[in-house]
Amino acid sequence: MNVKEHVTVENGMKYFKKGDVFVYMAALLLVFVFVFFAVIYPRNAGDVFYVYFEGEKIFSASLKEDAEYLFYVDGNRGYVVPVRKIDCTSYNVIEVKGGKVGVREADCPDGTCKMQGKKNWGEILCLPHKMRIVVKGEGLESDI
């Protein structure tokens with residue numbers, strides 16, 4: 001087969017077939033459904049949050065009252081207390097404001113917990129400190 005015949009064969013090939021279009025449309029539909037239920041679908045706001053350390057519930061408080069709490073690790077235990085000056089490492093300042101909870105300040109190396117924002121549903125994770133904040137309330141479902 002010379003070059004001219006090879007080019008003619010390639011020009012006659014189809015890149016998409018009818019079946020391919022249906023597969024791509026189904027995949028696009030699945031992505032849309034996922035985005036709708038994961039991001040856009042309205043959720044009920046929670047009214048209480050729980051703080052877990054290494055999977056064990058150590059604290060709970062209402063989202064209805066604005067407050068600040070200090071989560072810190074001392075030895076192999078995690079503690080949550082109202083904010084005050086404590087000389088410690090491995091800490092997170094948890095802020096409740098306007099019915100939402102979030103991590104305002106943390107000394108973890110990546111700061112991902114601060115970037116997760118304030119939430120009135122769902123979870124906030126701080127993996128370096130083994131801390132998890134879970135918001136629960138009427139109409140909210142969770143595996144915990």
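- Two residues are said to be in side-chain contact when any heavy atoms from C-beta on lie closer than 4.5 Å; Val73 and Lys130 fail this criterion.
- Gln116 is listed as a side-chain neighbour of Leu125, based on a closest heavy-atom distance under 4.5 Å.
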For a side chain to side chain contact (heavy atoms under 4.5 Å, CB included) check, start with the C-alpha distance between Tyr69 and Val51, then their side-chain angles and the critical distance, and finish with the verdict. CA-CA 11 Å; Tyr69 302 98; Val51 178; over 6 Å; no
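- Pairs of residues two or more places apart, or lying in two chains, that qualify as salt bridge (charged side-chain N to carboxylate O under 4.0 Å, His left out) and include a residue from residues 88-107 are Glu68-Arg104, Glu95-Lys118.
- Once rounded to the nearest 0.5 Å, the distance linking CD1 of Ile133 with CZ of Phe71 reads 9.0 Å.
- Linking Ile, Leu, Val, Met, Phe, Trp and Tyr residues whenever their side-chain heavy atoms come within less than 4.5 Å places Phe36 and Val33 in a single cluster.
- What you find for Ile124 and Gly117 is that their closest heavy atoms are CD1-O, 3.7 Å.
- By the 4.5 Å heavy-atom criterion applied to side chains, Tyr72 and Val81 are counted as neighbours.
- Atom CE of Met25 sits about 7.0 Å away from atom CZ of Phe22, to the nearest 0.5 Å.
- In the hydrophobic clustering of ILVMFWY residues, with side-chain heavy atoms under 4.5 Å counting as a link, Ile58 and Val96 come out together.
- The shortest non-hydrogen separation linking Val103 to Met131 is CG2-CE, 4.2 Å.
- Note: Cys126 SG to Tyr91 OH = 11.5 Å, rounded to the nearest 0.5 Å.
- In this structure, Leu127 and Thr112 have side chains that are not in contact, with every pair of non-hydrogen atoms separated by 4.5 Å or more.
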If you apply the rule side chain to side chain contact (heavy atoms under 4.5 Å, CB included), what do you find for Tyr79 with Phe59, and how did you get there? CA-CA 8 Å; Tyr79 300 95; Phe59 182 76; over 6 Å; no
If you apply the rule side chain to side chain contact (heavy atoms under 4.5 Å, CB included), what do you find for Asn92 with Cys113, and how did you get there? CA-CA 9 Å; Asn92 298 70; Cys113 52; 3.4 Å; yes
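- Under the 3.5 Å distance criterion, the side-chain polar atoms of Asp66 are matched with a main-chain donor or acceptor of Gly98.
- The two atoms that bring Tyr50 and Lys57 nearest to each other are CD2-CD, 3.4 Å, heavy atoms only.
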